[in-house]
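Just so you know, these numbers use all the heavy atoms, side chains as well, and skip hydrogens, waters and symmetry mates. Throughout, a chain's letter reflects where its sequence line sits, starting with A, and its residues are numbered from 1.
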There are 4 protein chains.
Amino acid sequence: MDEFEVEAVGEPDLADPVFVEGLPGVGHVGKLAAEHLVEELDGELVRRIYSTHLPPQVSVEEGRTQLASAEIHAVSVDNVDLLVLTGDHQAQDTVGHYGLTDAVLDVAEEFGASRLFALGGVPTGELIEEYDVIGAINDDDQREELEGVGVEFRGDEPAGGIVGVSGLLLGLGERRDLPAACLMGETSGYLVDPKSAQAVLEVLQEIAGFEVDFSSLEDRADEMEEVVRKIQEMEQGTPTPSDEDLRYIG
Amino acid sequence: MDEFEVEAVGEPDLADPVFVEGLPGVGHVGKLAAEHLVEELDGELVRRIYSTHLPPQVSVEEGRTQLASAEIHAVSVDNVDLLVLTGDHQAQDTVGHYGLTDAVLDVAEEFGASRLFALGGVPTGELIEEYDVIGAINDDDQREELEGVGVEFRGDEPAGGIVGVSGLLLGLGERRDLPAACLMGETSGYLVDPKSAQAVLEVLQEIAGFEVDFSSLEDRADEMEEVVRKIQEMEQGTPTPSDEDLRYIG
Amino acid sequence: MDEFEVEAVGEPDLADPVFVEGLPGVGHVGKLAAEHLVEELDGELVRRIYSTHLPPQVSVEEGRTQLASAEIHAVSVDNVDLLVLTGDHQAQDTVGHYGLTDAVLDVAEEFGASRLFALGGVPTGELIEEYDVIGAINDDDQREELEGVGVEFRGDEPAGGIVGVSGLLLGLGERRDLPAACLMGETSGYLVDPKSAQAVLEVLQEIAGFEVDFSSLEDRADEMEEVVRKIQEMEQGTPTPSDEDLRYIG
Amino acid sequence: MDEFEVEAVGEPDLADPVFVEGLPGVGHVGKLAAEHLVEELDGELVRRIYSTHLPPQVSVEEGRTQLASAEIHAVSVDNVDLLVLTGDHQAQDTVGHYGLTDAVLDVAEEFGASRLFALGGVPTGELIEEYDVIGAINDDDQREELEGVGVEFRGDEPAGGIVGVSGLLLGLGERRDLPAACLMGETSGYLVDPKSAQAVLEVLQEIAGFEVDFSSLEDRADEMEEVVRKIQEMEQGTPTPSDEDLRYIG
């Protein structure tokens, strides 16, 4: 197998698609958001990317195996075409992150995508009341439009930069003159966070001009709140339950 | 040395051989099973695969060294030809797992194997009473036949997928249109488990149509039971000896 | 992306420039010194080096991203031309350190640099009263001149050798017949150390024949002293505050 | 720089030289032994091997740097020519171990070496009274000769095989039809062990037919015994000083 192999699964005609990435990361915000688009809007799998830098494993569902891959789906909604990257894995090494991102960008360009959005979460260390969305852009032209839909640009946040495919889509995208933005929902960092995913998608909807139903994400958010409530109950003997007692629950 | 080098040691004529893999893993189930076939049925070494991704070491037996390798043996029994992959090592990195599996598949195809079985164990965390065999397949056509000999397909088990060469034989095998199945014997995960290896081989026998004597595996199982009994005795002061007190003994 | 890619940003004419390196390291001495030159003397960015061996990330400032890179700036002062390498990252693996250094040396040679200085810190484990500068050279011809400006050469110091790009600029530089010296300011190793950076720059000034204003470094040194003082106050209940109670503060 | 680069430093004519390896390892036995040959018998440096898989660093002695390398010296004694590999480093990754060994074997063959000895230590976990030398060979023809000079071949010792360049010289040497033996001096594993190095060299002398003076090794052994004595004194309050209280001292 080559280091990166792209398998063509479908060949839909897409009109100026918007590329959206949501791989695993903080609070699974990006992954939840991207999967919600694919599931809710009946996405069509168009490409699988295999790589010797992905984990050497297959997943198993009802006994049927699937080699580790990143998956790109076509989603059409309200006259808007999306290409949505999802998957269960990040690359396993530095060289792999760069190569996987290059392979993804090749697919994005092949389908004529001229704009990219990387979705993710930014950890705050506290339970969130109001879900702000922090932005990062690889091209100043995008700033005004994003601020117009409520995206915040803040000093040097996120302090550690943006790592993995999300960060490299902006970094390598810039080298290809592809405008890309990272939309990061605030999230505690301790829990899978469907509300943060919804906040990110609400911004994306406004920019790209489509609407998606959020009820399944809201159901999932209710389940997570139930989890939080139970954890707090278990601690009720202590006067002020501290965030630090929460463990990451996925 | 190239990244992967295949040394031809023997060139037997094999008729539609069944390829069987058993490298080190959980409970050494796959390795015990594969080695049992080679030893009990007088296998002939046909290929050694060396790799710069295998550990940089030689093993030593009576002073004589052997460079780390994966070994493929031809085994003939009851008019059935088998190709059996054994060895003491997994690849040392992600790229190595993929490359080693590709090298193994090249040999399998060179000898005309059209069907692959990866043998292994699946950890349950408890001592096993009845040794079920869990299956995973890279081609739905195999499901009925395997269920017919008692293999179980269960929801999303194993939950973490199948890693290493075992998993990739299915994943990369599928990309070559080679039907492959993984047969995983239930095992506690704490001990080398000859009984689980026997359970896996009993399934393989039925599918491939051969019979092998299990007395040496049974002897080894008796030894392991003696080990377990001694451990339990050491703990007899405590009312219910817990599995968690067992350490992995290989 | 290739393993190493050099992006040409500017093409100034430089006369026999002196190459100066200051990447992150002990006490951030080299990085502080190099950045001081670029900021104080209005350096012009001339090259960015990207690499799949640098961290897979972008930094973010006011929402604008920048792909991880090493940056080379042209600085002109007092009829002396400098090429100054700065950046936030070291390479992520062994192969990357060698390759990044080779890419850097290619740029140095392209601009006609015939002399290299790697700037860094050498940890002493104690707070420093007088900031000595320890030297290392890849060519004995440089010894006398450096000793003449107060650089000390000491037995086998630094005991562990010099690692990363700093060390390799000397090691790989020698293989290209480029004379290179490493100037290492003594530093406790616990704190970012602007005074050590100044000591290193004072040596460089004398050798290369230029002068730079140190007031901004001195301000930063005052801030660090304030930090140290506060830490000591927090410990005032104990009779002799020990260095070991200091944590690295950057 | 290429992954492996061999620098020719000297070109002596050697008659059927015996190749001897002694890189860092258990008890520094191999390294002590090889360095003793080079120092005591006025070896001439003939090759340096640089590699991007060696640590990215320079060593420093009196201010002068030396890029990390493996060094091959020619040593002539009693009409016997030796090629002696020494150095301060092992390769940093699996691929590097294989590649470095291949580069070393290329040099050995270039000088016409038809026999190789890898020197090292085998840890026993106890202080040694009598220093046995354990052997491993990649060619059964060597067994009788080595047994004749007191080398012991024992079941499956060393249990974990032989790792690094020492092991691969035998493993990759066999693939080139170069007979190679590993001579392993027993050593506690806790201390640098000049006596074990001497035991190994005494075997090598007999096989290769030369004599070397051991007084400097013996002096160093006396120093180490003094260290052991002091450690035991420090523990004299306890009835039976245990080996486990010894720390590795190099």
Distance check, rounded to the nearest 0.5 Å: A:Glu174 atom CD versus C:Thr65 atom OG1? 5.5 Å

Between A:Pro158 and C:Val60 the two heavy atoms that sit nearest each other are CD-CG2, 4.0 Å

Option passing salt bridge (charged side-chain N to carboxylate O under 4.0 Å, His left out) with C:Arg64 (candidates A:Asp140, A:Asp156, A:Asp141): A:Asp140

Heavy-atom contact with chain C under 4.5 Å, split by part of A:Asp93: neither

Polar side-chain atom of A:Arg154 near backbone of C:Glu62 as donor-acceptor pair, under 3.5 Å: no

Under a 4.5 Å heavy-atom cut-off, does chain C meet the side chain of A:Glu152, its backbone, both or neither? neither

By a 4.5 Å heavy-atom criterion (distance strictly below it), what part of C:Ser51 contacts chain A: side chain, backbone, both, or neither? backbone

Ranked by heavy-atom pairs below 4.5 Å to chain A, first place among C:His53, C:Gln66, C:Glu7, C:Glu61 goes to C:His53

Could you tell me whether C:Asp213 atom CG has more than 12 heavy atoms of other residues or ligands within 6.0 Å of it? yes

More than 12 foreign heavy atoms under 6.0 Å from CD of C:Glu226: is that the case here? yes

Gap separating the CD atom of C:Glu5 from the OH atom of A:Tyr98, nearest 0.5 angstrom: 10.5 Å

Can you tell me if A:Glu147 has over 12 outside heavy atoms packed within less than 6.0 Å of its CD? yes

Show, in sequence, the C-alpha distance, side-chain angles and deciding distance for A:Leu172 and C:Leu67, and conclude whether the side-chain contact (heavy atoms from CB on, under 4.5 Å) test is met. CA-CA 7 Å; A:Leu172 297 181; C:Leu67 180 59; 3.8 Å; yes

By a 4.5 Å heavy-atom criterion (distance strictly below it), what part of A:Asp102 contacts chain C: side chain, backbone, both, or neither? side chain

Shortest non-hydrogen contact from A:Leu168 to C:Gln57? CD2-N, 3.8 Å

Find the distance between CG (A:Leu105) and CE (C:Met1) and round it off to the nearest 0.5 Å. 12.0 Å

